[in-house]
Every structure is written in structure tokens, then in C-alpha cells.
Amino acid sequence: MRTEVSKVLREAILRAFSEFSEAELPGPEALEIPPDSNLGDFAFPCFRLSKALRMGPPMIAQKLAEAVDAPEVATAQSVGGYLNFFLNRKNFAGIVLQNIQETGDRYGGAPDCEKTVVLDYSSINIAKRFHIGHLSTTVLGHSLKRIYAHLGWQTVGINHLGDWGTQFGKMIAAFKHWGSWEMVEEGGVDALTALYVRFHQEAEENPALEDEGRAWFRRIEEGDEEALSIFDRFKELTLKDAKRVYDILGVSFDSYNGEAFYNDKMGRVIDELKARNLLVESKGALVVDLEAYKMPPCLIVKSDGATLYATRDLAAALWRKDNYHFDKSLYVVAYQQNLHFQQVFKVLELMGYDWAKEQMEHVAFGMVSYEGQAMSTRQGNIIYLDELLKRAQEQALSIIREKSPKLENPGEVAAQVGVGAVVFTTLLNNRIKDIDFWWDRALNFDGDTGPYVQYTHARCCSVLRRADAASAAPSLEALTNDEAQAVLRMLSRFPEAVRAAQRDNEPSEVTRVTLELAKAFNKYYYEHRILDEDPEATAARLALVRAVKQVIALGLYLIGVAAPEAM
RNA sequence: GCGCCUGUAGCUCAGCCGGAUAGAGCAUCGGCCUUCUAAGCCGAGGGUCAGGGGUUCGAAUCCCUUCAGGCGCGCCA
């Protein structure tokens, strides 16, 4: 609609003033949405033309208002230097509803754009239980994957496993001393963590353990059969635990190639760095000096000859480029690693990979604390994700028992609502914001929450179930009231929100627009009866309800939240 | 010390590629269920947009600076 109004504006300017050439005319982005819909549907601030025309903005607006002549626009008014456009309401309703009806669940999407995006997200560490600190990367990455796919991208989701490092040698040493398969199979990831904790306790008394740990890790590096078979079991256990959570969240990956996968792929990185004279020795280690870019050096090889995190990330970037031919590569990782990624991207650039500058992006997000405290396993103030999801589902179930005792599938819906509440909240705000977790907030299902939006969807479904199958020709006159128009406006803004979400790698754009749509609909629903004795008007209102239901479901899908038909 | 990020209502935040009286939700108080789902709707109170300068017709938004908080800064990942 914006582009249509923009065209009307450009025509009006040409008609009213001879000073401008086509190229100088303002584009669609010059149109604003007024703070209050009583002022109009779109506005053009005339201040910017003032200098060129040597005329006061109100006068310009007045002249333009007189020159506007198009069926899309009902009226145009000059108010305080703004030219305010009021849309032809019936026309607007028709365009929006038809567009949604025709595109269906591809609304706001785009056809195959022949581009590929690689998303590195979730990226769990072996032997660590899934907690709320892992939630942001997991749901952000998952949502971005869906948003890009919606806009026609090929997507590759990678769980870059943290499965490399001395700590795994220590874990095997601990397992050999105090562990058993029975204990580990039964206790799962918690048992592995406990072994690791015990290792550190005992190592304080007995420093020789540290050497044992290092020796075991060396055996992993060298491909020793026993070491690898133990470690692979640890991996399996961790993945089994994580997959339970992924299943609940509906999250999946195309690859689980983690750090260990790149163990034999780092030679190339070091060779290329050497060939370009980028590697310099410093305190026994090999580094890439980045002083010219005001960054500390990037460590590539330790003084003992071992590689580092950055080395593996460089290898991974090159491998992914070779194998996926990505046009964009996103790292959904907390902002603590800001410097790390800046360094890695810069090193790639220095290696001659020009694409690094444009295509690599660190999608950083804030940290999670728990009631104002940093989470720590040792102090026991850590929220495990399965506990959170379980309590959220219990909360949902108890509300269902109270409010919808006749619901056919309460367990299933409680799961959708409980999980939806958690995911929705995580994707509501700008990702860069830190999150302080509070139980009472997490379990609140009123207001700006997932359940609120899901409830609105269920309401739509409920009305549609009660509607007669017989369809009259819709009379769009029934959708010209303020509340219906507000709903239509939100529907029409959905596509731009999806594009903004992709542009900024910010799923909250989708979360917000979906929430605003739900709000607008609930207001409409309260003010206007949908099913009544006038078949044409009812048909139009039902078309609106159908569109709202569809777009809410789509919005929720794009952020990875289920849309129950009843709740 | 240097770098990055954040600072908007009691709390959590939106608005930040400049525009009209700064918006939500939670919490508090008060209304609305014999009508399509009250997990809903409506109303009230609550603000030196951290402080100070600057640019501009116009600044929460851009620039400079101070303050406060978070994160990072070589052999962990």
C-alpha cells in the first residue's frame, strides 16, 4: 500500500510544482505512518521541500492536497506542514484481504532467491546440561532459519558442537577413576558434569590428575581407540539429552559438525596464513597481528603446538564456504564473543577472502541472569530448560483446567502454550538486551505474551468453526470502521516486518508485529459482532478473521511457536 | 587503561537510517461476561527519554563529552 500511496504523492508533486524532475521525487520511504490513525494512514512531511520551493511547509502541503487525485486515496489533508493521506477504506480492505488470501502461508514471503544462508546456532557443549543460557541462541537461530527460508533462501542450520578441548581428557580421566557405564547411562549428562566437578576437587589435592587429563586428551587427538570410544559415548549421551529439548522446541539442524570435525582441517588455515606472511611468532605462539585494526592479536597456534578456538573457526568458515557456497554466514552467539568474531572475520579478510567482510555476521545477543545473579552450577542457581518448560506446561494445564475444562486435548495444548510462552518471551525484545530470569514473569500468561497471541488465534478458529459454510459475496463496507481498519493496517505491515527481521537478523520484528496484530484484533472482536443476520457483511468479517488467523499462525510459525486451534 | 554494548514510567521493554501531544505490558486502583473463547476489553494514576554540550526548521533518535552498569582484552571455548 505504501508504494501505491507513494505513487499518488509523486504524481501530485509533479502536478503542483514544475521544479522537480522524476529523479528528485521522494520514494516510498519518505512516507511516514502518523502517530495517531485519526491523522491519516500515511503522511508526507513537507519540511524537506521547503527550501527548494522557498515556500512554507503548510502551504506546500495545501497545494499538494489539492493536487492529489487517485482512487486509492479518499482524501488528503494539510495539517501542520504534513500532507496526510486517508486511504479509501473499502479499496484498502479489498487489497489486503485478497493479497493474504492469494498468498496464504507464503504471505510476506518471496520466491526462491537462489541464495544460501548458513546459521551457526545452539552449538552445545558436550557434557553440559541444557539450561536457559542456551535458549536465546537456539530459538533465535531457529527463527532466523525460518525467516530466511520464508524469504526464499536455502538454509543450513549447524549445531557447532563444543566437542574439543582438554576438559574432555579430564572427563575421561575422571570416568576411569570414579565412573562406570551404569552410573553414566542412568545419570545422563548430570553424571558427566558431576565427574568433571569431582575431577577439579580431587585435582586440588592431587595435581598429577591434571597430567592424566592432558594425556587422555592427547589420546583423543591421536585417534586412540579407547579414548575415542569413551568420548563418543559421552557425545551420544549429551546429544540424546539435547534432542529431547530440541524435540519439545521443534528445533532441528542440518549438521552437527562441531569442533572435532575440523580437527584435521586446520592445516590449510595455517598454510595459507604462512603463505601470506600473516603468521608471526610472539612469546612462543603463532599469532596474526591485528594492531593496525586496533585489535589484540589473534592466537592461531599455542606455544605447545596446539590449535585454538579461532583456528577451528577459521577452518570451519572456509569449509562451510567450500561446501555450502553460502551468501551469508551467521553466528548466533552471545555478545561476550564479540572480539573473537571480529578477529576471525578480519583474519579471513586478510587471507584474501573478500566475502568475509560482507557475508560473515555475528548475531550477538545478551546474557541471562537469574533473579539478578549470574547463573552458576556450583551455587545451584541455574535454571535447566526442561525444568522451565515443565513448569510452564504445568501452569498452562492448570489454567486450562480452570478455564477450558471441556478442551479435548489439554495435555497437547498445555505443551504448546507452555513452550510458546517461553519461546515468545525470548524473542519479544531486541536480542542484544540482557535477560534477567524471574519465575513469576516466565509463568505469567497475561498481556504481551505468547499465550495471549495463541489465545487470539484460537478465538479466530472458534468463530470460524461456528460460521455457516454458505458463503455470500462479501460486502467490504462492513470493514470500513476504525477497528477493522486498524486490524487491516497491522496485516498490511506484516510483510515489511518480516523483511526487517531478515535485514537486521532480529526475529523480534516478527514477534512484535504478530503481537500488535493480535491486540488490534482483540479490540475489534470486542467492539464488533462477526456472525450476524447480514450474510454479505458477515462474509466480509469472516474474511478478515480468516486473514488474521492465517497471519498470526504464520507469525508464530516464523518464531517457532505453535498455534493451537483451541485453548 | 583500551574496545564493544546498554541506560526511556515502580519493574520489563518498544520507539533509535531525525519529524506531529514519548507508547506498550506487568504491578496498583476502578469498570465490562443472558451475545461468536474474560488467557479478553475499557479507564485512571505514573516520565528532567542518565547528565551536559553541539548539529538541525525539528533530537529519545545523529555527533562530542561526562556518569552509571554489563561484557571483552594472548596461549580456555
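All of these numbers come straight from a predicted model, not from anything done at the bench.
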Inset, instruction - Determine, for A:Lys523 against A:Glu483, whether the closest basic-nitrogen to carboxylate-oxygen distance falls under 4.0 angstrom. - result: no
Legend entry - Lys/Arg-Asp/Glu bridge criterion (N-O < 4.0 Å) met for A:Asp448, A:Lys519: yes
Inset, instruction - Please work out whether the ring planes of A:Phe521 and A:Tyr525 are parallel, tilted or perpendicular, with thresholds of 30° and 60°. - result: tilted
Legend entry - Options B:U37, B:A39, B:C76, nucleotide nearest the side-chain atoms of A:Lys302: B:C76
Inset, instruction - Test for a donor-acceptor pair under 3.5 Å between the base of B:C75 and the side chain of A:Ser303, counting only N and O atoms. - result: yes
Inset, instruction - Give A:Glu29 one of three labels, base, sugar-phosphate or nothing, depending on what nucleic acid heavy atoms sit under 4.0 Å from its own. - result: nothing
Legend entry - Note: A:Asp532-A:Arg529 ion pair, threshold 4.0 Å (strictly below): no
Legend entry - salt_bridge(A:Glu496, A:Arg499) N-O dist < 4.0 Å: no
Legend entry - Inter-nucleotide C1' distance (B:C16, B:A60), Å rounded: 7 Å
Inset, instruction - May I ask you to decide whether A:Glu565 forms a salt bridge with A:Lys549, counting only side-chain N to carboxylate O separations under 4.0 Å? - result: yes
Legend entry - Closest to the A:Ser462 side chain, choosing from B:A77, B:C73, B:C36: B:C36
Legend entry - Pairing of A:Glu29 and A:Arg2 as salt bridge, 4.0 angstrom limit: no
Legend entry - Nucleotide nearest A:Leu339 (side chain, heavy atoms from C-beta), chosen from B:C73, B:A38, B:G74: B:C73
Inset, instruction - Kindly say if A:Arg465 contacts the phosphate of B:C36, meaning a side-chain N or O under 4.0 Å from OP1 or OP2. - result: no
Inset, instruction - Please name all residues satisfying ring pair (Phe, Tyr, Trp, His ring centres under 6.0 Å) with A:Phe42, sequence neighbours left out, ordered by chain then number. - result: none
Inset, instruction - Pull out every residue in residues 429-446 of chain A that has a heavy atom closer than 4.0 Å to any atom of RNA chain B, ordered by number, or say none. - result: A:Asn429, A:Asn430, A:Ile432, A:Lys433, A:Asp434, A:Arg441, A:Asn444, A:Phe445, A:Asp446
Legend entry - Test item: A:Gln485 side-chain N/O and A:Leu479 main-chain N/O as donor-acceptor pair under 3.5 Å: yes
Legend entry - Residue A:Arg529, side-chain heavy atoms: nucleotide from B:C36, B:U37, B:A20 that is nearest: B:C36
Inset, instruction - Between B:G51 and B:G47, how far apart are the C1' atoms? Round to whole Å, please. - result: 16 Å
Inset, instruction - Classify the glycosidic conformation of B:C5 as syn or anti, calling it syn when the angle lies within 90° of 0. - result: anti
Legend entry - Nearest to side-chain heavy atoms of A:Lys51, which nucleotide of B:G72, B:C41, B:C57: B:C57
Legend entry - Ion pair check, A:Arg493 and A:Glu516, cut-off under 4.0 Å: no
Inset, instruction - Just compare B:A39, B:A77, B:G70 and give me whichever is closest to any side-chain atom of A:Ile399. - result: B:A39
Inset, instruction - Pick the P atom in B:A77 and in B:C73, then give their distance to the nearest Å. - result: 13 Å
Legend entry - Residues touching RNA chain B, which here means a heavy atom under 4.0 Å, drawn from residues 512-522 of chain A: A:Arg512, A:Lys519, A:Asn522
Inset, instruction - Decide yes or no, distance alone: a donor-acceptor N/O pair under 3.5 angstrom between the base of B:G40 and the side-chain of A:Thr456. - result: no
Inset, instruction - Side chain of A:Tyr452 only, please: which of B:A20, B:C41, B:G72 is the nearest? - result: B:C41
Inset, instruction - Please state the C1' separation for the pair B:A44 and B:C4 - nearest whole angstrom. - result: 43 Å
Inset, instruction - Decide if the gap between the ring center of A:Phe231 and the ring center of A:Trp216 is smaller than 6.0 angstrom. - result: no
Legend entry - Contact under 4.0 Å: A:Tyr455 side-chain N or O vs B:A39 OP1/OP2: yes
Inset, instruction - Could you check whether A:Ser50 gets within reach of a base, just the sugar-phosphate, or nothing at all, counting any heavy atom under 4.0 Å? - result: nothing
Inset, instruction - Report yes if a side-chain nitrogen or oxygen of A:Lys403 is closer than 4.0 Å to either non-bridging phosphate oxygen (OP1 or OP2) of B:A39; otherwise report no. - result: yes
Inset, instruction - Considering just the side-chain nitrogens and oxygens of A:Arg48, establish if one lies under 4.0 Å of OP1 or OP2 belonging to B:G58. - result: no
Inset, instruction - Measure from the side-chain heavy atoms of A:Glu259 and tell me the nearest of B:C36, B:G40, B:A77. - result: B:A77
